[in-house]
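For reference, the structure discussed in these notes is given below.
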Amino acid sequence: TGDFATASRLVEALQTRARDDIEWAAAAQIGIDLKVTQQDTVTASEAGLTCLRRLGMDLPSRPTPAQVQQAYATYQATLAGRPIEALAELPRMTDARHIAAMRVIASIHSISFFANRELWAMQTCEMVTTMMRHGRTDASSTCFAVFGFVLGSYFRDYAAAHRYGEFAFDLMVRDAALDMRRVAGFVEAAETLEDAVRREIYEEAGIRCSDVGYYMTQPWPYPSSLMIGCSARATTTDITVDRNELEDARWFTRDESVAM
């Protein structure tokens, strides 16, 4: 509805009813997304850092270059001489606090890219170190790719940056062979979100749909971009896969979709 004041009050009410830090962080995540949508990046960043501290990840609001170098040194010590490619065999992250922290840090990461270069680099080091200690998440491929960007642009380690870029690509290809994902695409110029959803689903899977509805947004780790989730009701059920876009497509039950 665009009523951000009411939405913020509801988020605060949710936080007061949270039974533990995980539920509190889930409510805080909604509040952070609201601030990002309002382009109130300062408040969103501070709220994210406050949430991270509650979850056990204490990052300074304005880290010094020396603190960033220390975070990088911690990453190197945790890697412990292993080849980068060995990170593909990390187990899945299972600890709820660390999963919640990774979601929060991802939601403010793109803000830091524009606001504070040191904080952006430190957050990325922290994400990779956390994965090495506690396991991979669904966003690991993207995180490793962004880490390559940080290694090149901030630490000037171009060889490692290239290796992480290749590793992230190979990991994404491997994971895509193991997992099915929802249809995704880009909004074209002069196109509404609803039109984009209908077009992408039809172009890639041959399915007609209607009743397109907004679900939620998620930050994207690149400039001037935002991921937007939508739902739609299929009006046809036959699947015709565009092999230039998708490797395969099939229908899932509601429970299977939630688990993806």
Side-chain angles (χ1 to χ4, degrees), residues 1-2 7 26 29-30 32-34 36-37 85 87-93 99 102-103 106-107 109-110 113 131 135-149 164-260:
T1 64
Q29 180 76 68
I30 300 172
I32 293 167
D33 291 342
L34 284 172
V36 172
T37 303
E85 293 72 20
L87 301 182
E89 305 309 318
L90 289 170
R92 294 285 298 179
M93 188 178 294
I99 292 172
M102 289 291 282
R103 287 173 177 166
S107 70
H109 188 253
S110 58
F113 178 85
M131 285 193 293
R136 289 176 52 208
T137 70
D138 290 337
S140 292
S141 298
T142 302
C143 181
F144 288 136
V146 175
F147 189 52
F149 186 19
Y164 262 103
E166 290 190 325
F167 170 62
F169 177 80
D170 292 341
L171 190 62
M172 191 172 295
V173 171
R174 191 194 77 168
D175 287 350
L178 298 175
D179 297 326
M180 300 289 284
R181 300 295 180 185
R182 294 167 180 82
V183 174
F186 292 89
V187 179
E188 301 289 351
E191 186 177 45
T192 67
L193 290 177
E194 293 81 2
D195 287 342
V197 171
R198 287 188 286 264
R199 175 183 54 76
E200 288 285 352
I201 294 175
Y202 180 71
E203 288 179 352
E204 298 186 8
I207 297 170
R208 298 287 188 183
C209 63
S210 63
D211 299 336
V212 177
Y214 166 79
Y215 175 61
M216 67 178 294
T217 61
Q218 177 179 319
W220 185 243
Y222 302 102
S224 304
S225 299
L226 185 69
M227 294 181 69
I228 303 173
C230 295
S231 62
R233 184 181 300 278
T235 57
T236 63
T237 57
D238 291 338
I239 296 174
T240 302
V241 176
D242 180 351
R243 297 296 176 182
N244 293 318
E245 297 286 346
L246 302 178
E247 184 173 313
D248 194 14
R250 69 179 179 86
W251 289 102
F252 292 86
T253 66
R254 183 185 297 272
D255 289 342
E256 288 173 331
S257 180
V258 171
M260 289 174 65

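Computed from a predicted model, the values in this text were never measured in an experiment.
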Partner residues of Arg198 under the salt bridge (Lys or Arg N to Asp or Glu O under 4.0 Å) criterion, sequence neighbours left out: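 Result, salt bridge (Lys or Arg N to Asp or Glu O under 4.0 Å) vs Arg198: Asp195.
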Candidate pair Ser107 and Val36, rule side chain to side chain contact (heavy atoms under 4.5 Å, CB included), full reasoning: CA-CA 9 Å; Ser107 70; Val36 172; over 6 Å; no
Aromatic plane relationship, Tyr164 with Phe147 - under 30° parallel, 30 to 60° tilted, over 60° perpendicular: perpendicular
With rounding to the nearest 0.5 Å, note down the distance linking [atom1] in [X] to [atom2] in [Y].
X      : Y      : atom1 : atom2 : result
Cys209 : Glu194 : SG    : CD    : 11.0 Å
Glu204 : Arg199 : CD    : CZ    : 8.5 Å
Glu203 : Asn244 : CD    : CG    : 11.5 Å

From CA spacing to verdict: side chain to side chain contact (heavy atoms under 4.5 Å, CB included), Leu171, Arg136: CA-CA 11 Å; Leu171 190 62; Arg136 289 176 52 208; 3.8 Å; yes
Trace of the side chain to side chain contact (heavy atoms under 4.5 Å, CB included) decision for Glu200 with Glu245: CA-CA 10 Å; Glu200 288 285 352; Glu245 297 286 346; 5.6 Å; no
Taking all non-hydrogen atoms of both residues into account, name the closest pair between [X] and [Y] and its distance.
X      : Y      : value
Met216 : Asp33  : CE-OD2, 4.2 Å
Arg92  : Thr137 : NH1-C, 3.8 Å
Phe167 : Ala88  : CZ-N, 3.6 Å
Met93  : Gly135 : CE-O, 3.0 Å

Identified side-chain contact (heavy atoms from CB on, under 4.5 Å) partner of Ile228 from the options Thr217, Val197, Val187: Thr217
Counting only pairs under 3.5 Å, give me each side-chain donor-acceptor contact of residues 231-241, with atom names and distances, residues two or more places apart or in other chains.
residue, atom, partner, partner atom, Å
Arg233, NE, Asp211, OD2, 3.4
Thr235, OG1, Arg208, O, 3.1
Thr236, OG1, Arg208, N, 2.9

More than 12 heavy atoms of other groups within 6.0 Å of Tyr214 OH: yes
